[in-house]
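Following: one structure in structure tokens, then a few remarks.
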Number of protein chains: 2
Amino acid sequence: MAVTIRDVAHACGVHVSTVSRTFSAPQMVNAETRTRVLAAAEQLGYRPNRAARSLTTGRTGNLGLIVADLANPFFPPLIKAAQAAARAQDYHLFVADTDEDPAEEQDLVLAFSKQVDGIVLCSPRLSNKALGKLAETIPFVLVNRRMRGVPTVVMDVAHGARTAMEHLAGLGHRRVALVSGPAGSWTSGEIRRAATDMPGVETVVFGPNAPTEQGGVAVAGQIADAGVTGVLAYNDLVAIGLIEGLEQRGVRVPGDVSVIGIDDSVTGRLHRPKLTTVAMPTADAGRMAVDLLVRSMSAATVLDTHLVVRESTAPPKGSP
Amino acid sequence: MAVTIRDVAHACGVHVSTVSRTFSAPQMVNAETRTRVLAAAEQLGYRPNRAARSLTTGRTGNLGLIVADLANPFFPPLIKAAQAAARAQDYHLFVADTDEDPAEEQDLVLAFSKQVDGIVLCSPRLSNKALGKLAETIPFVLVNRRMRGVPTVVMDVAHGARTAMEHLAGLGHRRVALVSGPAGSWTSGEIRRAATDMPGVETVVFGPNAPTEQGGVAVAGQIADAGVTGVLAYNDLVAIGLIEGLEQRGVRVPGDVSVIGIDDSVTGRLHRPKLTTVAMPTADAGRMAVDLLVRSMSAATVLDTHLVVRESTAPPKGSP
DNA sequence: GTGAAAGCGCTAACAT
DNA sequence: ATGTTAGCGCTTTCAC
């Protein structure tokens, strides 16, 4: 076994609680003793066992973040921002990937639940019911999924989708395909609702589809045959896959068919033709989700009070 | 506080040890009792506390994976493969991002050290000395960094770099730039050694550079003025940034200058012009790193034995 | 097959 | 300022 608090205590003739305090409340211990303890700890290579600590304090100092697919360029900016926000509040952020699998998602939440103080769950694929149960286990914040009673950060993708449809309509497209995302995706539902509700444009829905390049490639055949002149895709990856698939079939973009993605990912920026897309404030979402999470974890939000000096107070009678 | 083993024990008139056994050694408990315990646990929503469990068992069931930059498309395939390998052996994989910061890297290893059973450290930026100290704390496997006494998975990037240089030489390029990576990167050293050691080609080294698109953009001016006709870049991202920077300056790729990346990332595949690049077996590396880690963690590797039947055995004398 | 009890490494009252 | 002690939730001998 590794070196424990007891070994350090032994080594410098002091008691375990003093060693403990040296690490968790340094100002409570005599400077000279502290130096001795620190020296001994250093020399023995002592490292506080965070798991044991969390057992008594109930805090781990970690946050978890769960995404459906790390390889989706939508997530890294969100994760990086979340990470920065976590560090700023002295938390470590652990990330996990569910591979779009609801069962794995549930499993990961449970695995995290005793090792982190809270979880940011991005674009969950679990049902509301399952999420509700999990929410009793550990504080979490949802990203891109709205749910009663659970703190949530959503991006107004419906607005973005409407803008995209207006753009297509403005260009003169009258028959447009919506290539939707995976089942269980809240975002996909939002996009669909917004996109099918467009006056003057007939919208044909294709889906559900995997939210990946492959998903786009796979649906290209149907789109080519659908007699549409414009497409709104679930995300940039799908849009890119679709474009590749269409061009393989000799359908030119945007010559024959216009395609719009969603996310404004790096991948979309670097693709040629440069992708028209709906920008999502992913970094903001990551940062806000962590801030929200940390705030929701503190038992009570403490609001400042301040003294209001009116007329009921005065210097004591008879003072100079 | 959450529901504990004791609550469950109470609820079904059994003792804590029985409940414990129900979860960690089910075959040791009477089927009927087990059913009762399981029912009570389910009903109360009991979940074993893994942190507490790890305190007595010394195992957490988690692995950690640390990368320099999640947003680098080099990593997701590696991470996904590592994740799959971890799941296959019943581990959860937690990922963290150091933001290219050695101090953060050290911090994360320490944060992980008591919550995971082992760590995969990808392209570490820490010094050998610092890594050596950390290696005493917790088992780890290094990816893309060679170090004595520590299990390692490296990709033969030197070979790839040589091939790339040969390709340029074969095309007739005689003066080539090497756009190197960040300080502390083992890979960058390997590439540099291989690329500068090329007979018949004069190699000018530029760097260190940030291993990002920005890093490539930033060095474009120098490359444009360097009088080179070919470039080998530290990775695809740098190559892409460089191409953008060059084209902004009116330098055409590959018309005026040829550029090669390293990694064969999705991003490079989707970029136009399609990037010539050195493919790296990232998924293999991720999978192997995890396998190696798990194997190195088990105190002893157990090899199968099998019975060899020759002629020294026979049925007992007198049997039918 | 199940109960009792010790202890994993640490913190947090409470004493002194 | 430091020592004492009782747990945190769980596993694991050792008895019964």
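Heavy-atom basis, side chains included; hydrogens, waters and symmetry copies ignored. In what follows, every chain begins at residue 1, and chains take the letters A, B, ... in the order their sequences are listed.
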I need the full list of salt bridge (charged side-chain N to carboxylate O under 4.0 Å, His left out) pairs touching residues 7-23 of chain B, with sequence neighbours left out, sorted by first then second residue.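 Listed by first then second residue: nothing to list.
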
Can you measure [X] atom [atom1] to [N] atom [atom2] for me and round it to whole angstrom units?
{"X": "B/Lys114", "N": "D/dC8", "atom1": "NZ", "atom2": "P", "answer": "23 Å"}
{"X": "B/Leu55", "N": "D/dT12", "atom1": "CG", "atom2": "C1'", "answer": "13 Å"}
{"X": "B/Arg50", "N": "D/dG9", "atom1": "CZ", "atom2": "C1'", "answer": "14 Å"}
{"X": "A/Arg59", "N": "C/dG9", "atom1": "CZ", "atom2": "P", "answer": "22 Å"}
{"X": "B/Ile5", "N": "D/dC10", "atom1": "CD1", "atom2": "P", "answer": "5 Å"}
{"X": "A/Gln115", "N": "D/dC8", "atom1": "CD", "atom2": "C1'", "answer": "16 Å"}
{"X": "B/Asn49", "N": "C/dC8", "atom1": "CG", "atom2": "C1'", "answer": "13 Å"}
{"X": "A/His15", "N": "C/dA15", "atom1": "NE2", "atom2": "P", "answer": "18 Å"}

Distance (rounded to the nearest 0.5 Å) between A/Phe140 CZ and A/Leu293 CG: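 Between atom CZ of A/Phe140 and atom CG of A/Leu293 there are 10.5 Å.
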
Do other residues, nucleotides or ligands put more than 12 heavy atoms under 6.0 Å from the CE atom of B/Met288?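 Atom CE in B/Met288 is not crowded, with 12 or fewer foreign heavy atoms closer than 6.0 Å.
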
Would you indicate which nucleotide in [options] comes nearest to any side-chain atom of [X]?
{"X": "B/Ala52", "options": "D/dT4, D/dC10, D/dT12", "value": "D/dC10"}
{"X": "A/Thr57", "options": "C/dA12, C/dC10, C/dG3", "value": "C/dA12"}
{"X": "A/Thr56", "options": "C/dC10, C/dA12, D/dG9", "value": "C/dC10"}

Give a yes/no on whether any side-chain N or O of B/Arg6 is located under 4.0 angstrom from OP1 or OP2 of D/dC8.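 Checking D/dC8 against B/Arg6, a side-chain N or O does come within under 4.0 Å of OP1 or OP2.
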
Categorize B/Arg47 for me: base, sugar-phosphate, or nothing, with a 4.0 angstrom heavy-atom threshold over every strand shown.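 It contacts sugar-phosphate atoms only.
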
Sequence neighbours excluded, every pair satisfying side chain to side chain donor-acceptor pair (under 3.5 Å) that has a member inside residues 98-109 of chain B: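 Qualifying pairs, neighbours excluded: A/Lys80-B/Asp99, A/Arg87-B/Glu104, A/Arg87-B/Asp107, B/Glu100-B/Arg125.
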
Can you list, pair by pair, the side-chain donor-acceptor contacts under 3.5 Å of residues 31-47 of chain A, counting residues two or more places apart and other chains?
{"from": "A/Arg34", "atom 1": "NH2", "to": "A/Val29", "atom 2": "O", "distance (Å)": "3.4"}
{"from": "A/Thr35", "atom 1": "OG1", "to": "A/Ala31", "atom 2": "O", "distance (Å)": "2.6"}
{"from": "A/Arg36", "atom 1": "NH2", "to": "A/Cys12", "atom 2": "O", "distance (Å)": "3.0"}

Quick one, which residues of residues 16-33 of chain A touch DNA chain D with a heavy atom under 4.0 Å?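 Only A/Ser17, A/Thr18, A/Arg21, A/Met28, A/Val29, A/Asn30, A/Thr33 qualify.
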
Who are the ring-ring contact (aromatic ring centres under 6.0 Å, His included) partners of A/Phe112, not counting sequence neighbours?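 Result, ring-ring contact (aromatic ring centres under 6.0 Å, His included) vs A/Phe112: B/Phe94.
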
Contacts of type side-chain contact (heavy atoms from CB on, under 4.5 Å), residue A/Val16, not counting sequence neighbours: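 A/Ile5, A/Arg6, A/Ala9.
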
